[in-house]
2 protein chains.
Amino acid sequence: MKKKVLLVDDEPDILELIGYNLQMEGYEVHTALNGQAGIDLAREVNPDLIILDVMMPEMDGMEVCSIIRADDNLKDTTIAFLTARNEDYSQVAGLEAGGDDYIAKPVKPKVLMSRVKALLRRSNRTESKPHQNERFGVSIDRKRFSVIYNGQELTLPKKEFELLNLLWSEPGRVFTRENILSEVWGNDVVVGDRTIDVHIRKLRSKLGEDLFVTVKGVGYKFGS
Amino acid sequence: MKKKVLLVDDEPDILELIGYNLQMEGYEVHTALNGQAGIDLAREVNPDLIILDVMMPEMDGMEVCSIIRADDNLKDTTIAFLTARNEDYSQVAGLEAGGDDYIAKPVKPKVLMSRVKALLRRSNRTESKPHQNERFGVSIDRKRFSVIYNGQELTLPKKEFELLNLLWSEPGRVFTRENILSEVWGNDVVVGDRTIDVHIRKLRSKLGEDLFVTVKGVGYKFGS
DNA sequence: ATCTGGGTAAACACAATATGAAGAAATCGT
DNA sequence: ACGATTTCTTCATATTGTGTTTACCCAGAT
């Protein structure tokens, strides 16, 4: 699967330059022009790496970082700061706010790419993270691709994991089949109607029959 | 609350220019550089207005518009198209695809702002009364397909939910049986006279007998 | 008394899921 | 590159909950 990188910078030129380079390297790139949009986008796409400009109007990079770190679903995301050289106070403050790296700009594309690669490699390693976010007896660690159910860690196949992940992300919310298809399978893929049911059944047999509630004519929900 | 505007354009300069002006006017601005990102962002932030560039690589504005119009949660969002002057075919196609306005670029900020204001004023009247307010002890979250009654979240069957949703949307207004049929069942479906009663009965037994008032010879209303 | 419009419980029909099995399609190990 | 294994999808059939109808009730108006 393509690694997802989120770029947040108020300067469109930077977005374009860096974004282009990342795309050339095969990353899936998302961009936002301000902090809030960045956070929203991060929640939406759950990127593997977020590159944050420190200096932005309204909400600066530090603040964005803090919010990301406070979000259960994103707290493990790797964050790199991007800022003008010689603002060395930034370095300290940035790492303190929970950043994983600090990149001075202007930066040569080659250099940036190797930094990005290194960061992603690092995040790829199973960084030990107990990750105590339990909902209805199930906790998920997206980065490790693992599910803990009743203290047992189990590894689900990709589709099952992603389906569980989706439903689990908002317990009690009913996801329509359409929702599920577009989130788990993607908008363009066409699969039969019964496919979702089958995956639900797998999850039910592995995690408990009544954790997944059918809402006829609408979809499924996780929990209560 | 700040009005939310989503800008979708593949040209970062345009995003910046328009975005900046909108922000100065006090709008909450979100931007996306391509159609898919725009749709994702729209689903995330549920904007009041979406400004769509017609010409974009991969997915053009028309297509984005169609997808938005097909999304239950977004279908009522106001959409304005933005495109180069003299592509007059666009105007027709755009409005046909469900656009609410059409803006030729280049456009002077002043002009754009007044258009935006006008559009939002218009949308303000009709709907955009989204989330989470309680009416007579009942609140509805359409996105989650859930109803909260006395603090209890419950999931109703589809038809019951839609019926409640309709009546609840305008408490005190009497909906005729015809109203109800066309909104909940659709104009072409033919059902017997007692069908609506039965669903009202179900709702009454689940949410309280006196929340739904019968108006003999006319229809039903929700609340006082 | 009769008529009109709605209330209600129970029966019914059917589309929507559940489910087992089997056929594709990836993925893995060698 | 190959078969072995796992995962994903489709298919056929059983099952179920929802939506609808039915049948009969009641109340108020005529």
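Chain identifiers are assigned alphabetically (A, B, ...) following the order of the sequence lines, protein sequences preceding nucleic acid strands; residue numbering begins at 1 within each chain.
Put simply, CG on Leu181(B) is 13 Å from C1' on dG19(D), counting in whole angstrom units. Between the NZ atom of Lys158(A) and the C1' atom of dC8(D) there is a distance of 11 Å, rounded to whole Å. Atom-to-atom, CG of Leu156(B) to C1' of dG17(D) comes out at 14 Å; the value is rounded to the nearest Å. We find that NZ of Lys202(B) is positioned 13 Å from P of dG17(D), with the value rounded to whole Å. Regarding Phe145(A), its CZ atom lies at a distance of 10 Å from the P atom of dT7(D), rounded to whole Å. Rounding to whole angstrom units, NZ of residue Lys159(A) and P of dT27(C) are separated by 10 Å. Per the geometry, CG belonging to Leu203(B) stands 13 Å off P belonging to dT18(D), to the nearest Å. The nearest whole Å value for the distance from the CD1 atom in Ile180(B) to the C1' atom in dG19(D) is 16 Å.
For Glu170(A), the side chain to side chain donor-acceptor pair (under 3.5 Å) partners at least two apart in sequence or on another chain are Arg173(A). Considering only residues two or more places apart in sequence or on other chains, Gln152(B) meets the side chain to side chain donor-acceptor pair (under 3.5 Å) condition with none of them. Every residue was checked against the ring pair (Phe, Tyr, Trp, His ring centres under 6.0 Å) condition with Tyr20(A), not counting sequence neighbours, and none meets it. For Lys206(A), the side chain to side chain donor-acceptor pair (under 3.5 Å) partners are Glu160(A), not counting sequence neighbours. In this structure Asn165(B) satisfies the side chain to side chain contact (heavy atoms under 4.5 Å, CB included) test together with Ile140(B), Arg142(B), Phe161(B), Trp168(B), sequence neighbours excluded.
Contact between the side-chain N/O atoms of Thr195(A) and the OP1/OP2 oxygens of dT10(D) is found at a separation under 4.0 Å. The side chain of Trp185(A) contributes no N or O atom lying less than 4.0 Å from OP1 or OP2 of dC8(D). Distances shorter than 4.0 Å separate some side-chain N or O of His199(B) from OP1 or OP2 on dT20(D).
Remark: Glu178(A) CD is loosely packed, at most 12 non-hydrogen atoms of other residues, nucleotides or ligands lying under 6.0 Å away.
Screening residues 170-199 of chain B for ring-ring contact (aromatic ring centres under 6.0 Å, His included) gives Trp185(B)-His199(B) as the qualifying pairs, with residues at least two apart or on separate chains. Screening residues 27-46 of chain A for ring-ring contact (aromatic ring centres under 6.0 Å, His included), with sequence neighbours left out, gives no hits.
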Sugar-phosphate or base contact per nucleotide [nucleotides 14-21 of chain C; S, B, -; heavy atom under 4.0 Å]: --BBBBB-

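For the pair Val190(A) and Lys206(A), nearest-nucleotide mapping onto DNA chain D gives the more 5' position to Lys206(A).
With respect to Arg201(B) and Glu209(B), a salt bridge is recorded, a charged nitrogen being found less than 4.0 Å from a carboxylate O.
Relative to the axis of its first five pairs, the axis of the last five pairs of the helix from dA1(C)-dT30(D) to dT30(C)-dA1(D) sits at 30°, rounded to 10 degrees.
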